[in-house]
Amino acid sequence: MSLAAPERIWWKPLGWDEKLWVWVSLVFCVILLSGMIVWHVAGLQTAPSETYSVSVERFTQLTDDFIEEYKVGEENGLPVVRPPAGGDAYVQASTWQWSPILELQKGQTYRIHLSSKDLQHGFSLQPVNYNLQVLPDYDYVMTLTPADVGEFTILCNEYCGLGHHLMVGKLIVTE
Amino acid sequence: MATQTKEADFRTCPVTTLQVHRPAELLITANAVTAVVFLTVGGILALLLALTRWQAVHLLPADWFYTFLTAHGITMLVFWIVFFEVAGLYFGSSVLLNGRLVAPKVGWVAFGLMLAGALLAELMIFTGQADVMFTAYVPLKAHPLFYLGIILFAVGALVAVYLFFASVVVAKHERRHTGSLPLVTFGLVVAAIIAAFTLISGAITFIPAFFWSVGLLETYDPAAYRLLFWAFGHSAQQINLAAMVAIWYALATLTVGATPINEKLSRMAFLLYILFINLGSIHHLMVDPGLSVVYKITNTSYIMYLAVLGSMIHAYSIPAAVEVAQRAKGYSKGLFQWLWRAPWGEPGFSALVVSMVLFGFLGGVSGVIQGMMQLNMMIHNTIRVVGHFHATVVGGTTVAFMGLTYYIIPLIMRRDIISKGLARIQPYVYGSGLFLLIVGMMLSGDMGVPRRSWDIYATGGAFTTQFPAFTDVTLAMLGIGAIVAVIGGAMFVYLAVFSLLFGKDLRK
């Protein structure tokens, strides 16, 4: 009866079936934990943690300088920028756009800096479904090596005002 | 404040022989009824929102969608659940202990604060001055009165939690309850301890937000806000978890007379919740800047999935208790006669099973999967997350609360349930709708569909987006599931309200 006081002495040993269940569960818990650690060390894809504190003004400046230096064109009013292979690239989120459009080379590794000009945004690369949180004042660096050629869209998946669902950017990967 | 228990304040429940404290009874009724009113509002919003997310229907305009989404989240996750939990806490600390609710007047002050806070927040949301979602992530700003509303509500709830603890202590002190606490009350104590942590975190989060919104605080670091907010936002769901498990034990006892097979094991599982469950708040920050890998892995895994171990224990001991009770009644043929001969037409029992299945197999499992740091990258802020917490909070907690209501109405409010036939099918209708809704959301999220988006195709944006054609099917599942679930929810509201108003008076 779970609704009344239990018998006076309820500290009793577990039955064999209960013990077995607890041990099986515990082993499973350990496997889950180890899986996450092993994946982080040996896996191909893991959540980035490299972060720098940056003011909005400074990051805007870095992004503008980056665009100016490596701009190769324009699409729908957004600059298309081809960063040097192995170099740094900047993408700034603001209501409601991702700027610039990056043009990356397959197989090359880039350090992509993400930050926001105003509100919190959600970096969602589709269709690979790779998602990161983007905050103002924080420079979040993901180290990325594109494995597939093509055009990818960047959605915003953190609510950022009435135009949130219009906030779409692009990432291009070439041979 | 009366220091002596007045016997005139009590009545004896003819069914359970428990001593029921009348002032407590009134407060339980007031909180539970308010909860159901908020559930009704949230349910109507749910239907409108789901029919908008189902892009083939796309019902609401964008601005209404975001306003209603904010309202739906806060109404359901905070107001419906916490009002009901306060009713549950008063029930567990007075009725189950044969005791009294100390200082009922303070209970009414708590109720007043919560109601005033809730109404203030709702007013700000529905007048379009707080389109900030449940999370209200800074620097997205709402009207100051929105934050004030949340703070008032949290303070009121904190007072109610205090009243619960005081009543438990007094019941033991006055020797109206002797021996260890009943397991259900023990579970509610765990919920209340988590609630104290949660509500204090809520105050720490929203008081600076209030000052920031009126201009007294210049900046509010967005990452710090997220850390603080989730100490409130996720822990609030752990109150639901602990309260829900306590109610599972209560329903197992009420429906088949189950007795916990090992009190020690069940209580230790609850203890694991207190120690480890709140680390899960970091599930929301797995792909946030600023936190180290060691920090993320330690917290997201509840040290070593020890809170999950707690849930695994309950997942074993509750069905086992039901089996033992059923076999004792003579249903012991073969492996499963106890199961086939269970009272499937009893809404309390079917609600227990629906709640355990939806919570365990869809909610808990999906939560553990997506709390894994690397997998979290693939689902963060997609609608899969929404599917997960609809499985836990709606499929799990809400269904369990509904099941308990079918007992609170006759036992506490002393009214007969008006339509037993409708009550018999209600948990199944609601549960099957939810199943479809949840699976629809999860599959859509796996294919990249974002949460909180009015138009996933970004029509009119710089670029449009495309999703696999199968999302047409999964989003339709979401919409149809929501329609069925809302029908099931409306059946519940109808049964609860009309039984209360027009049900046969059991006092006569």
Side-chain angles (χ1 to χ4, degrees), chain A residues 1-6 8 10-12 14-15 18 21-22 25-26 29-30 32-33 35-37 39-40 43 45-47 49 51 76-78 97 118-120 122 124 126-127 129-133 135-140 153 155-162 164-170, chain B residues 62-63 66 96 133 137 139-140 177-184 221-223 249-250 252-253 259-260 262-265 286-293 297 301 304-306 308-309 312-313 316 368 372-374 376-378 380-382 448 450-455 458 460-463 465:
Chain A
M1 174 77 166
S2 60
L3 296 166
R8 224 186 67 73
W10 48 263
W11 189 266
K12 289 183 176 160
L14 304 185
E18 290 164 306
W21 177 262
V22 171
S25 302
L26 197 60
C29 292
V30 173
L32 277 177
L33 174 65
M36 187 153 46
I37 296 166
W39 194 343
H40 181 72
Q45 183 169 294
T46 191
S49 55
T51 309
N76 293 356
L78 289 167
Q97 65 175 21
D118 37 52
L119 304 173
Q120 300 199 14
S124 178
Q126 299 296 340
N129 211 6
Y130 179 82
N131 308 282
L132 298 173
Q133 191 76 19
L135 310 179
D137 304 327
Y138 287 83
D139 174 1
Y140 199 12
T153 45
L155 303 181
C156 177
N157 64 9
E158 185 55 76
Y159 175 72
C160 56
L162 207 51
H164 159 60
H165 50 271
L166 299 174
M167 185 168 166
V168 183
K170 197 188 225 181
Chain B
D63 51 346
Y66 292 123
L96 289 186
M133 303 291 133
Y137 287 141
L140 194 62
H177 179 82
T178 49
S180 299
L181 290 178
L183 185 58
V184 172
D221 185 286
Y249 281 107
T253 296
T259 302
N262 191 315
E263 291 266 353
K264 176 173 83 169
L265 188 63
M286 297 314 292
V287 291
D288 266 32
L291 300 172
S292 76
V293 169
I297 290 181
S301 68
M304 204 179 67
Y305 289 98
L306 291 173
V308 176
L309 182 64
M312 291 295 282
I313 290 171
Y316 179 85
V368 170
M372 200 137 185
M373 189 170 66
Q374 295 87 356
N376 189 269
M377 279 186 305
M378 303 174 72
H380 178 72
N381 276 355
T382 69
R451 68 187 291 191
R452 298 175 166 176
S453 173
W454 176 69
D455 176 12
F463 306 99
T465 54

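Letters A, B, ... are given to chains in the order of the sequence lines, protein chains preceding strands, and every chain is numbered from 1. All values below were derived from every heavy atom in this structure, side-chain atoms included, with hydrogens, water molecules and symmetry-related copies excluded.
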- Query: For A/Pro136, is it the side chain, the backbone, both or neither that has a heavy atom under 4.5 Å from a heavy atom of chain B?
  - Reply: both

- Measure distances from A/Trp21 to the heavy atoms of chain B and classify the residue's part below 4.5 Å as side chain, backbone, both or neither. side chain

- Tell me, side chain or backbone of B/Tyr249 under 4.5 Å from chain A's heavy atoms, or both, or neither? both

- Item | Side chains of B/Pro222 and B/Tyr137 in contact at under 4.5 Å (non-hydrogen atoms) | no

- For chain A, find which of B/Ile313, B/Ile297, B/Val308, B/Val368 contributes the most heavy-atom pairs closer than 4.5 angstrom. B/Ile297

- Message: Within the structure provided, determine whether A/His164 and B/Ser453 are in side-chain contact (heavy-atom separation under 4.5 Å).
- Response: yes

- Message: Assess, by modelled atom type and distance only, whether the side chains of A/Trp39 and A/Thr46 contain a donor and an acceptor separated by less than 3.5 Å.
- Response: no

- Say whether A/Ser2 and B/Thr253, considering side chains only, have a donor N or O and an acceptor N or O under 3.5 Å apart. yes

- For each of A/Asp137, A/Leu78, A/Thr153, A/Val168, tally heavy-atom pairs with chain B at distances under 4.5 Å, and name the one with the top tally. A/Val168

- Among the options A/Leu166, A/Leu26, A/Asn131, pick out the one with the most heavy-atom pairs lying under 4.5 Å from chain B. A/Asn131

- In terms of heavy-atom pairs under 4.5 Å, which option from B/Ala252, B/Gly179, B/Pro260 contacts chain A the most? B/Pro260

- Query: Taking B/Leu96, B/Asp288, B/Thr465 one by one, which has the highest count of heavy-atom pairs under 4.5 Å against chain A?
  - Reply: B/Asp288

- If one checks every heavy atom of B/Met377 against chain A at 4.5 Å, the contacting part turns out to be both

- Message: Can you tell me which portion of B/Leu140 sits under 4.5 Å from chain A's heavy atoms? Options are side chain, backbone, both or neither.
- Response: both

- Where does A/Leu162 contact chain B at under 4.5 Å (heavy atoms): side chain, backbone, both or neither? both

- Query: Relative to chain B, which of A/Gln126, A/Met167, A/Lys170, A/Glu18 shows the most heavy atom pairs under 4.5 Å?
  - Reply: A/Glu18

- In terms of heavy-atom pairs under 4.5 Å with chain A, the winner among B/Leu183, B/Val293, B/Thr382, B/Asn376 is B/Val293

- Most contacts with chain A, counted as non-hydrogen pairs under 4.5 angstrom, among B/Leu306, B/Leu181, B/Leu309: B/Leu309

- Message: Looking only at the side chains, is there a donor atom on one of A/Tyr159 and B/Asn381 sitting less than 3.5 Å from an acceptor on the other?
- Response: no

- Message: Can you confirm whether B/Pro182 sits close enough to B/His177 that some side-chain heavy atom of one is under 4.5 Å from a side-chain heavy atom of the other?
- Response: yes

- Item | Interchain contact, B/Leu291 with chain A, by part (heavy-atom threshold 4.5 Å) | backbone

- Query: For A/Met36, does its backbone N or O pair with a side-chain atom of B/Gln374 as donor and acceptor, under 3.5 Å?
  - Reply: yes

- Between the side chain of A/Thr51 and the main-chain N/O of B/Gly290, is any donor-acceptor distance below 3.5 Å? yes

- Message: Testing the 3.5 Å rule here: is there a donor-acceptor pair between the side chains of B/Tyr66 and A/His165?
- Response: yes

- Here the pair of heavy atoms bringing B/Lys264 nearest to B/Asn262 is N-OD1, 2.9 Å

- Checking A/Asp118 against chain B: side chain, backbone, both or neither under 4.5 Å from a heavy atom? backbone

